[in-house]
Amino acid sequence: MTPAQLSDAVLAAARAVLTDENIDTAILPGVTSVERPRNPDHGDYASTLALQLSKKAGKPARELAGKIAVQLRRMSGIQDVDIAGPGFLNIRLDAGATGALVHDVVQQGAAYGRGTAMAGQKVNLEFVSANPTGPIHLAHTRWAAVGDALHRIFVAAGAEVASEHYINDAGSQLDRFGRSLLAAARGEPTPEGGYAGEYIQDVAEAVVKDNPGVLDQEDPLAIFRAEGERLMLDEMRTSLERFGVHFDVWFSERTLHESGAVEHALDELRAHGHVFEADGAVWLRTTDFSDDRDRVLIRGNGEKTYFAADAAYYVNKRERGFDKCFYLLGADHHGYVNRLRALAACAGDDPDFNVEVLIGQMVTLLRGGVPVRLSKRAGTIITLDELVDAVGVDAARYSLARSSTDSPLTLDIEVITRQANDNPVYYVQYAHARIASLLRNAADLGVARKVDYDPALLSHEREADLIKALGEFPSIVATAAELREPHRIARYLEELAGTYHRFYDACRVLPQGDEPATDLTNARLWLVEAARIVFANGLALLGVSAPERM
RNA sequence: GCGCUCGUAGCUCAGUGGAUAGAGCAGAGGACUUCUAAUCCUAAGGUCGCAGGUUCGAAUCCUGCCGGGCGCACCA
């Protein structure tokens, strides 16, 4: 029996009780859930439904719980139901009902964990969006790992998802970048406000190599700017792909200006009546929608602002059919939240539905316990490539994805490079590798999983723990999608790994010596295969590999 | 000053109103002739920043305060 099936059973039992008592069943929630109590004395699953209904029903919670329990005890698969504390329902399943869940997992295979909570939603995920004036560095990396995991989780929840990387290639930063490259190629010092760092020299040399005689041309700056951007974008794309992060769309800000999309967006906003002129500039009255000040779209000198391009990009996304536009931003950009939401409202949309801005707290980098100040212009950056070189893709992605983006993260370069084995990712991956090894041994012994198994044989406490843990996976995925929190997958996998290792420690799977394979061997092979599937599916959602050997 | 955000074990962090607040790492002790010991077991470690409030029940929700981070452009 799956947790979802049991939850439905609890709801049905409560409905029957309310009907008997002549209480309006409208007080029932649409769905309820059962939780897995930490304390084994509290049963396999627990429900708080009686506590929730008590006030609305006008009955003591314990009395309601007692009546619900009577109903539940009649159902097959339920061994016993206790009432505890103020009105908890503590439910115990029989071994057969618990063990039957293994079959579901194996049968669904790679699809186990997928759901339909976001079915029909067309989602746009914009993240990283690093300026093409330098390599991808650590400040971008958190959302690279988490955003890509979110992409995978949303897909698992049934959404249609496109990930996009916005390229800020229309402003003055690229001019500064181009001037810095030109200066480097000429052996001159970094210009005022320009970019420093070794990569500038490398890119400058690459431009010269690809464009012989460029320094003698009439407008070398234009070539350095354009070629530098091209090389930088290639490098960013390569770094991200190596990190396992693929963007469906790389969207150029410049094309918004060139295609007339900005003008088009201004027309849209004007049509909704939120555009006005003042002090020689054109403004969007975002204060109509709880922004703390209005925003300039066209400056007094006639130039469109960055915000105007933002507006055009948003309108463009909506016109491409995306219902939900996600912006995954760093905490240093949290001031954008209100204006992005107000922008959507000014375009006639519902900011509570069409826009979602997720703020990731800063990653503080330590080296030997001392904070490292990251500055692209000063050249003191840690790049994504350097991080991957040091710890590998799996450890890097996992350590960034395993904690909530709400909490500031501190990474010590020395610790993550020196003590890579401390990373919990290895604990999880090892569980998968152990299973893979066991299954190889089974094949060598000629012990194959049969077409079916007897679920009642999986009655050991460690087996029951493992099965119940496997049964939680779909709701973990659904919750991770609903709350936009990929770290829940990682934390779940760590718990599951512990549960698996304890099972492995207590329960021998394969026959030893001359012993024959038994029905228990077969049942445990089913269980082990189910565990392998969940580890593989869970790690895949995080973009982390599930190794066959370690 | 205004706004956003964070504060949980020595460290890094979990904990979408539920029962005795957890994990990993570090440190102490134990378990390998046995399917991978990158594992398992035991013990130790806490004023959930502080103070009120809401209620059957608060680390979680509300208010205030303290402390850290970040943001408040006709920059991008």
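Chain A is the first sequence line, chain B the second, and so forth, proteins listed ahead of strands; every chain is numbered from 1.
Among the nucleotides B:G69, B:G18, B:U36, the one closest to any side-chain atom of A:Thr48 is B:G18. Comparing B:U36, B:A23, B:C56 against the side chain of A:Pro86 picks out B:C56 as the nearest. Considering only side-chain atoms of A:Asp279, the nucleotide from B:C35, B:C74, B:A19 that sits closest is B:C74. The side chain of A:Thr479 approaches B:U16 more closely than any other nucleotide in the set B:U36, B:C35, B:U16. With distances taken from any side-chain atom of A:His334 to the nucleotides B:G22, B:C4, B:A19, the minimum falls on B:C4. When the nucleotides B:G18, B:A38, B:G15 are ranked by their closest atom to the side chain of A:Leu51, B:G18 comes out on top. When each of B:C13, B:G69, B:A19 is scored by its nearest atom to the side-chain atoms of A:His42, the top-ranked nucleotide is B:A19. Taking every side-chain heavy atom of A:His501 into account, B:C40 is the closest of B:G3, B:A14, B:C40. Of the candidate nucleotides B:C74, B:A38, B:C40, B:A38 has the atom lying nearest to any side-chain atom of A:Met550. Of the candidate nucleotides B:C74, B:C40, B:U12, B:C40 has the atom nearest to the side chain of A:Asp505.
Within the structure, every side-chain polar atom (N or O) of A:Arg293 is placed at least 4.0 Å from both OP1 and OP2 of B:G3. Proximity of A:Ser403 to the phosphate of B:U12: no side-chain N or O atom is located under 4.0 Å from OP1 or OP2. The side chain of A:Tyr500 contributes no N or O atom lying less than 4.0 Å from OP1 or OP2 of B:C35. Taking 4.0 angstrom as the limit, A:Thr305 places none of its side-chain polar atoms (N or O) nearer than this to OP1 or OP2 of B:A73. Look at A:Arg502 and you won't find any side-chain N or O under 4.0 angstrom from OP1 or OP2 of B:U39. Phosphate contact (OP1/OP2 of B:U36, side-chain N/O of A:Asn441, threshold under 4.0 Å): present.
A:Arg341 has no carboxylate O lying under 4.0 Å from a charged side-chain N of A:Glu356, or vice versa, which leaves the two without a salt bridge. Between A:Lys468 and A:Glu472 there is no salt bridge, since none of the side-chain N atoms of the basic residue sits less than 4.0 Å from a carboxylate O of the acidic one. Using a 4.0 Å cut-off between charged side-chain N and carboxylate O, A:Asp292 and A:Arg295 make a salt bridge.
Mapped onto RNA chain B by nearest heavy atom, A:Arg339 and A:Arg38 fall at different nucleotides, with A:Arg38 at the one closer to the 5' end. Between A:Leu483 and A:Ser172, the residue anchored closer to the 5' end of RNA chain B is A:Leu483, taking for each the nucleotide with the nearest heavy atom.
Comparing the C1' positions of B:G45 and B:G53 gives a spacing of 32 Å, expressed to the nearest Å.
Across all strands shown, A:Ala490 has no heavy atoms under 4.0 Å from either base or sugar-phosphate atoms. When heavy atoms are screened at a 4.0 angstrom cut-off, A:Glu548 is found touching base atoms of the nucleic acid. Among the protein residues, A:Tyr504 comes within range of the nucleic acid bases, having at least one heavy atom under 4.0 Å from a base atom.
Taking a centre distance below 5.5 Å and an interplanar angle below 30 degrees as the stacking criterion, A:Phe88 stacks against the six-membered base ring of B:A19. Aromatic stacking is not marked for A:His487 over B:A14, as the cut-offs of 5.5 Å for the centres and 30° for the planes do not both hold.
The two residues A:Phe177 and A:Glu229 come nearest to each other via the heavy atoms CE2-N, 3.9 Å.
Judged by distance alone, the side chains of A:Asp294 and A:Thr287 do bring a donor and an acceptor atom under 3.5 Å apart.
Ring centroid separation for the pair A:His432 and A:Tyr500 does not come in under the 6.0 Å cut-off.
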